[in-house]
Amino acid sequence: AEVSGRVVDEAEKPIKGARVEVAQAMAAGDGDVLTYAESTSDAQGWYVIPNAPRDRGFLRITHPGFVPIFRPQVATGDQGLVVLRRGGSIRGTIRDSQGNPASKAIVLSSGTATEADSAGHFLLSGIPLGTQTVEAVWGELFVSRKELVSVREAGETSLELTVQPAGLISGTAVEEGSGKPISGAMILASVSGFNWAGRESERRVRTDGAGRFRLTGLIPRRYVLEGSKHGFLMTSIAGIEVGLTSPTAIRIALRRGTVISGRVLDDKGKTVAGASIAILPEREFAKAMRNLSPGYLFAAHTTLSRPDGTFRFDDLPPLRNVSVGVSKARYVPALREDLELGHSHSLQGIRLVLRPGLQIHGRVVDLQGRGIVGTQIWDFKQESGHRRVSAFEHEIPDAITGPDGTFTLRGLEKGGYQLSVVGPGCATKTLLLRVPSGMPSPIVLGPGVIVSGEVRNTTGQPIVEAAIVSVG
């Protein structure tokens with residue numbers, strides 16, 4: 001599969017030599033990578049990764065002096081324009097309690113790390129503007145942490161760090177039920193627990209052949225401990241207190257996951273590759289469909305069908321009334337409901353059948369009758385109150401108008417739909433559509449209202465890349 005795009009700065013000037021990485025992880029929090037590929041941007045900022053992972057993975061783009069970009073759930077194809085923003089710098093010195101330089105200490109902040117030199121001097125660049133946390137690890141026995149460090153756009157922030165004795169967590173990972181030790185499990189300690197943006201104060205280690213682990217370099221405080229391995233469900237234990245008097249001993253039990261697998265076929269029995277498959281429990285599925293904004297569906301588990309039409313979900317928890325949905329452009333989405341997934345019961349050999357859908361053509365114009373290019377159209381099935389099932393097409397419209405304002409909706413079935421029409425610089429319009437009666441043409445959009453502003457934290461400093469959403 002191919003991933004491509006262009007890297008620019010805030011002024012949309014191309015960035016040459018940016019490092020672009022795409023990888024598919026074994027499981028959330030596991031740390032293992034199944035497939036990995038990378039590239040660098042050329043003089044015009046363009047990059048192409050022809051051997052990118054086929055399934056959905058994460059995208060990371062870095063360049064010295066710029067704040068790294070991390071996108072956790074990207075599909076293959078064109079990623080469009082990616083803007084890297086210049087970050088600030090933190091320069092300082094790290095010492096021990098006697099004032100001696102902590103040579104080769106690792107200093108890190110906001111996903112960027114550096115090593116202190118022989119005099120204890122360090123420089124962190126490409127740090128997001130605003131208040132940040134800086135941490136340092138010196139060997140296994142000493143750590144340092146400084147919160148509310150102000151990073152400015154102009155100039156460097158000066159910082160002095162002093163290391164202090166560190167705590168540790170030790171223990172054993174075992175299989176739930178049998179109590180057998182699990183070797184090679186990923187054990188991770190963090191302050192905040194799992195989230196896609198990363199974990200604060202993260203430390204990780206693998207269990208040995210006897211399932212034992214030892215996490216060192218921990219600042220004395222409360223932690224969340226997580227354990228994961230392919231074939232098992234992620235397990236977390238919150239509220240673990242780490243001190244200096246003695247190691248904190250933990251026994252963490254991992255439960256084996258179950259499997260859902262099958263094949264996607266068309267109405268003639270031919271395999272369908274590249275179809276989007278999503279899994280959610282029935283009640284959660286319906287709730288997500290009703291409540292999420294246009295074009296967005298978050299599925300707890302998603303994948304794409306392989307060239308032979310097969311698909312597989314591993315490491316699933318026990319679920320009742322499971323719904324498995326599948327969709328692909330030009331086909332009517334299909335849904336298998338009321339499936340049971342028990343502790344030791346896997347579902348294999350599921351057949352998902354896609355049949356060709358109907359097409360509707362239309363045109364979007366402004367008040368003067370001129371076609372509006374780039375208008376996004378989202379369709380929602382009126383009877384069910386939700387958009388067509390899609391595992392990977394969240395935030396991708398069902399149709400986009402061309403230069404003359406025309407568009408085509410595909411993969412429709414007979415019945416009523418609600419359309420949401422979003423044109424650049426125009427007020428959003430919703431209307432009802434009956435299939436196969438046809439599209440009311442043209443769809444006329446009026447001008448929208450511009451709302452601008454700025455986002456700052458409680459100390460008055462600007463917050464970069466805050467998500468702004470209008471609801472109405």
Worksheet entry | Trace of the side chain to side chain contact (heavy atoms under 4.5 Å, CB included) decision for Gln376 with Val421 | CA-CA 6 Å; Gln376 300 178 352; Val421 186; over 6 Å; no
Discussion item. Are the side chains of Thr112 and Pro68 in contact, using a 4.5 Å heavy-atom criterion?
Written reply: yes
Practice prompt. Test salt bridge (charged side-chain N to carboxylate O under 4.0 Å, His left out) on Asp266 and Lys270 and set out the steps.
Written response: CA-CA 5 Å; Asp266 63 16; Lys270 296 183 179 180; 6.0 Å; no
Worksheet item: Can you list the steps and then say if Lys104 with Glu115 is a salt bridge (charged side-chain N to carboxylate O under 4.0 Å, His left out)?
Response: CA-CA 5 Å; Lys104 296 186 177 181; Glu115 184 179 84; 5.8 Å; no
Fill in: Least distance between heavy atoms, Phe213 atom then Val205 atom
CB-CG1, 3.9 Å
Discussion item. Rounded to the nearest 0.5 Å, what separates atom OG1 in Thr157 from atom CD1 in Ile127?
Written reply: 9.5 Å
Response to the item:
So OG of Ser190 and CZ of Arg203: to nearest 0.5 Å the spacing works out to 10.5 Å
Worksheet item: Any ion pair linking Asp9 and Lys13 (charged N to carboxylate O, less than 4.0 Å)?
Response: no
Response to the item:
dist Lys146:NZ -> Thr133:OG1 (nearest 0.5 Å) comes out at 11.0 Å
Worksheet item: When you look at Ile90 and Val149, which way does the side chain to side chain contact (heavy atoms under 4.5 Å, CB included) test go after all the steps?
Response: CA-CA 9 Å; Ile90 302 175; Val149 177; 4.2 Å; yes
Worksheet entry | Side-chain touch Arg206/Ile187, heavy atoms, less than 4.5 angstrom | no
Worksheet, complete the sentence: Rounded to the nearest 0.5 angstrom, the OG-CZ distance for Ser41 and Arg19 is 12.5 Å
Discussion item. Under 4.0 Å between a side-chain nitrogen and a carboxylate oxygen: does that hold for Arg145 and Glu135?
Written reply: yes
Worksheet item: With a 4.5 Å limit on heavy-atom distance, are the side chains of Thr428 and Ser420 in contact?
Response: yes
Fill in: Intermediate values then yes/no, side chain to side chain contact (heavy atoms under 4.5 Å, CB included), Thr375 and Leu445
CA-CA 10 Å; Thr375 299; Leu445 297 184; 4.2 Å; yes
Discussion item. Any donor-acceptor pair under 3.5 Å linking the side-chain atoms of Gln359 with those of Thr408?
Written reply: no
Discussion item. To check you understand the geometry: which heavy-atom pair defines the closest contact between Phe122 and Thr93, and what is its length?
Written reply: CE2-N, 3.4 Å
Worksheet item: Can you tell me how far the CG atom of Leu432 sits from the CG atom of Leu419, to the nearest 0.5 Å?
Response: 8.0 Å
Worksheet item: Is there side-chain contact between Val364 and Phe407, with at least one heavy-atom pair below 4.5 Å?
Response: yes
Fill in: Nearest heavy atoms of Thr162 and Ser144, plus distance in Å
O-OG, 3.1 Å
Worksheet entry | Contacts of type side-chain hydrogen bond (donor to acceptor under 3.5 Å, both in side chains), residue Thr216, not counting sequence neighbours | none
Practice prompt. Evaluate the side-chain proximity of Val444 to Leu367: yes if any heavy-atom separation is below 4.5 Å, no if none is.
Written response: yes
Discussion item. Salt bridge or not between Glu10 and Arg85? Use side-chain N to carboxylate O under 4.0 Å.
Written reply: no
Worksheet entry | Matching residue for Val435 among Leu409, Asp379, Leu358 - test: side-chain contact (heavy atoms from CB on, under 4.5 Å) | Leu358
Practice prompt. Kindly indicate, with the supporting measurements, whether the criterion side chain to side chain contact (heavy atoms under 4.5 Å, CB included) is fulfilled by Arg355 and Glu413.
Written response: CA-CA 10 Å; Arg355 55 186 177 84; Glu413 52 188 322; 3.8 Å; yes
Practice prompt. To the nearest 0.5 Å, tell me how far Asp96 CG sits from Phe142 CZ.
Written response: 7.5 Å
Discussion item. Quick check on Glu12: does its CD atom have over 12 non-hydrogen neighbours (other residues, nucleotides or ligands) under 6.0 Å away?
Written reply: no
Discussion item. To check you understand the geometry: which heavy-atom pair defines the closest contact between Ala113 and Ile106, and what is its length?
Written reply: CB-CG2, 4.4 Å
Worksheet entry | Leu59 side chain reached by Phe70 side chain, heavy atoms, under 4.5 Å | no
Worksheet, complete the sentence: Across all chains, not counting sequence neighbours, the side chain to side chain contact (heavy atoms under 4.5 Å, CB included) partners of Arg222 are Glu241
Worksheet item: Considering only heavy atoms from C-beta outward, does the side chain of Arg363 approach that of Ile443 to under 4.5 Å?
Response: no
Worksheet item: What's the shortest heavy-atom distance between Ile277 and Val326, and which atoms?
Response: CG1-CG2, 4.0 Å
Discussion item. Within the structure provided, determine whether Trp378 and Val422 are in side-chain contact (heavy-atom separation under 4.5 Å).
Written reply: yes
